[in-house]
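Presented below is the structure to which this report refers.
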Amino acid sequence: MARHAVFSSGAKLWRSLACAKSELRLDLTLACGQTFRWRETSEGHWTGVMGGRVWTLTQTEDTLWYYVYTNHAGGKNKPEKTDSLRIDEEEAQSVPPTPDPKVEAEMLRDYFQLHVKLGDLYREWGAADCHFKEIADIFTGVRMLRQDPTECLFSFICTSNNHISRIQGMVERLCQALGTRLCQLDQTSYHDFPTLSSLADSDVEERLRDLGFGYRARFLQQSAKQILDTHGLRWLDGLRNVLYLEARDALRTLPGVGTKVADCVCLMALDKSEAVPVDTHVWQIAKRDYKFTADNRQKTLTEKVHRDIGDFFRKLWGPYAGWAHSVLFCSDLKKFQNLRGDTSLTQSKKEEEREGESKKVKIKRELDGHEKKRKPKAERRKKAKISVKTEEV
DNA sequence: CTAGTACCTGA
DNA sequence: CAGGTACTA
């Protein structure tokens, strides 16, 4: 049976890419909640599915090492159930992985967006924001992935009212139930992310409910169906070519996709580096570390708070605000607190300040205050027929 | 535009 | 309650 590749016992089977740890930290980038598809299969080794292939990644100080698995699950590599005719046109998309070092290196460069010089950005953010500077030296190399739009969207529909560990399990079950099987390594089988048409099948809601998806099961199936019925297979990918706010509004017409999820997909899959996903957690960060106070002490995360916090961070960090946000987000995750040294002390000091609730510094924000009025979701549906030029391939 | 509430499930 | 969204007052 095939095993997970380990660098120390077969280094010559691996390929490499020059990439400093300051530009990319696999552990932080792959486990900070932007993707739910990678696992640390042995120390420092991360295994997952990307671009229809199974990879194991590891890194040394100046090098990113990768191993691509070629052995398929032989014969029965279809999803458990396929009763859709539309499958065929999609299968053309998932290229059978013929090993090609050039292609694979390029896939990685694209996935990790290595053309973006993270070190330079860190310096800029640190110069503009002293709190960021405190964090930056420890949480280096937190990089935005360029994920597949379909995978990103449907993964994040699962995140509502939910926590990371459970989301990971759900996404795994989703792929297992509806995705093409790629290979098996040790006891683990790896599946591709389901296609839109397999997600749109009418029995999907019930199947996913049985798998513990709760009310999100309906959202997943309905969103897939709505995309195929009213826009088409390539629509999501096409949103990479339109402006941030247009893509965001388009996504929000889908069931189960609100402001937060739309911003996640914009940032993580649609090349909108300025998108800042605001959840309760980010709101806490804004209040605690940036003394951000909404004008009238909002109780809930309203549309206005979303916009104000997003604008605040964009003004502070600039056009890559979404990337900077992910660094702070990562640094605040419980599972990474062990990395903090001295800063955790200043951190707990800040906690105390928050308890005290004594001094509130109002931050001035210029509000353009002109947002288009929104219709109820059901009505918006048809209108979202924004024609989008699909990407030339 | 804000506030409240239901929605699945498992800690 | 948890990294929300949809619907209603």
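In what follows, every chain begins at residue 1, and chains take the letters A, B, ... in the order their sequences are listed. Nothing here was measured: the structure is a model prediction, and the numbers come from that model.
For the P atoms, the distance from dG3(C) to dA3(B) is 22 Å, rounded to whole Å. Separating the P atom of dC1(B) from that of dG4(C) is a span of 22 Å, rounded to the nearest Å. When the P atom is used for both dC8(B) and dT8(C), the distance is 16 Å, rounded to whole Å.
The residue Arg209(A) sits close only to the backbone: its heavy atoms come under 4.0 Å of sugar-phosphate atoms, none of a base. Within 4.0 Å (heavy atoms only), Cys32(A) reaches at least one base atom of the nucleic acid. Using a 4.0 Å heavy-atom distance criterion, Phe36(A) is classed as making no nucleic acid contact. Among the atoms of the strands shown, only primed sugar atoms or phosphate atoms (P, OP1, OP2) are found under 4.0 Å from some heavy atom of Thr259(A). Using a 4.0 Å heavy-atom distance criterion, Ile164(A) is classed as a base contact. Here Leu254(A) lies in heavy-atom contact (under 4.0 Å) with sugar-phosphate atoms only. Nucleic acid contact class of Val282(A) (heavy atoms, under 4.0 Å, all strands): none. Using a 4.0 Å heavy-atom cutoff across all strands shown, Gly33(A) reaches at least one base atom of the nucleic acid.
Hydrophobic clustering, with ILVMFWY side chains joined whenever heavy atoms are under 4.5 angstrom apart, keeps Val6(A) apart from Trp46(A).
Residues passing the side chain to side chain contact (heavy atoms under 4.5 Å, CB included) test with Thr302(A), sequence neighbours excluded: Gln298(A), Thr300(A), Lys304(A), Val305(A). Listed by chain and residue number, nothing satisfies the salt bridge (Lys or Arg N to Asp or Glu O under 4.0 Å) test with Arg15(A) (two or more places apart in sequence, or in another chain). Remark: Arg173(A) pairs with no residue by the salt bridge (Lys or Arg N to Asp or Glu O under 4.0 Å) rule, at least two apart or across chains. Scanning for side chain to side chain contact (heavy atoms under 4.5 Å, CB included) contacts around Asp110(A) gives Arg146(A), with sequence neighbours left out. Partners of Ala5(A) according to the side chain to side chain contact (heavy atoms under 4.5 Å, CB included) rule, which considers only residues two or more places apart in sequence or in another chain, are Trp14(A), Tyr67(A), Tyr69(A). Here Arg123(A) pairs with Asp120(A) under the side chain to side chain contact (heavy atoms under 4.5 Å, CB included) rule; sequence neighbours left out.
Of the candidates dT9(B), dA2(C), dT2(B), the closest approach to any side-chain atom of His163(A) belongs to dA2(C). Distances were taken from every side-chain heavy atom of Val261(A) (C-beta onward) to each of dT2(B), dG3(C), dG4(C); the shortest belongs to dG4(C). Set against dA2(C), dG4(C), dT2(B), the side chain of Ser160(A) has dG4(C) as its closest nucleotide. Of the candidates dG4(C), dA3(B), dG10(B), dG4(C) carries the atom nearest the Tyr215(A) side chain, counting heavy atoms from C-beta on.
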When the side chains of residues 316-329 of chain A are checked against the rest of the protein, which donor-acceptor pairs come out under 3.5 Å, sequence neighbours left out?
unit_1	atom_1	unit_2	atom_2	d
Trp317(A)	NE1	Asp129(A)	OD2	3.0
His325(A)	ND1	Gly322(A)	O	3.1
His325(A)	NE2	Pro277(A)	O	3.4
Ser326(A)	OG	Trp323(A)	O	2.8

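Computed from coordinates, the Arg166(A) CZ to dG4(C) P distance equals 12 Å when rounded to whole Å. If you take CZ of Arg207(A) and P of dC8(B), they are 20 Å apart, rounded to a whole angstrom. Here the C1' atom of nucleotide dG4(C) and the NE2 atom of His306(A) are 8 Å apart, to the nearest Å. Following rounding to the nearest Å, Ile167(A) (CD1) and dG4(C) (C1') show an atom-to-atom distance of 10 Å. For Leu333(A) and dA2(C), the CG to C1' distance is 13 Å, given to the nearest whole Å. Going from atom CZ of Arg252(A) over to atom P of dA6(C) covers 10 Å, rounded to whole Å. Per the geometry, CZ belonging to Phe213(A) stands 16 Å off C1' belonging to dC7(B), to the nearest Å. The distance between atom CG of Leu251(A) and atom P of dT5(C), rounded to the nearest whole Å, is 11 Å.
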Its dot-bracket string being built from Watson-Crick and G-U pairs below 3.5 Å, with | for another strand and [ ] for crossing, DNA chain C has the pattern ||.||||||
Tabulate protein N/O versus nucleotide N/O from nucleotides 4-6 of chain B, keeping only pairs under 3.5 Å, one per line.
none

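In the displayed structure, Lys225(A) atom NZ is contacted under 6.0 Å by at most 12 heavy atoms of other residues, nucleotides or ligands. Residue Glu40(A) qualifies as enclosed at atom CD: its count of foreign heavy atoms under 6.0 Å is above 12. Residue-environment remark: NZ (Lys335(A)) exceeds the threshold of 12 foreign heavy atoms within 6.0 Å.
Applying the ring-ring contact (aromatic ring centres under 6.0 Å, His included) rule to pairs touching residues 147-175 of chain A yields Phe36(A)-Phe156(A), sequence neighbours excluded.
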Mind running ring-ring contact (aromatic ring centres under 6.0 Å, His included) on His131(A) and Tyr290(A) for me, showing each step along the way?
CA-CA 8 Å; His131(A) 178 253; Tyr290(A) 294 88; 5.3 Å; yes
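When hydrophobic side chains of Ile, Leu, Val, Met, Phe, Trp and Tyr are connected at separations under 4.5 Å, Leu245(A) ends up clustered with Tyr244(A).
Heavy-atom distances under 4.0 Å link DNA chain B to no residue of residues 266-281 of chain A.
Side-chain atoms of Arg218(A) and base atoms of dC7(B) include no donor and acceptor less than 3.5 Å apart.
An OP1 or OP2 oxygen of dG3(C) is reached within less than 4.0 angstrom by no side-chain nitrogen or oxygen of Thr159(A).
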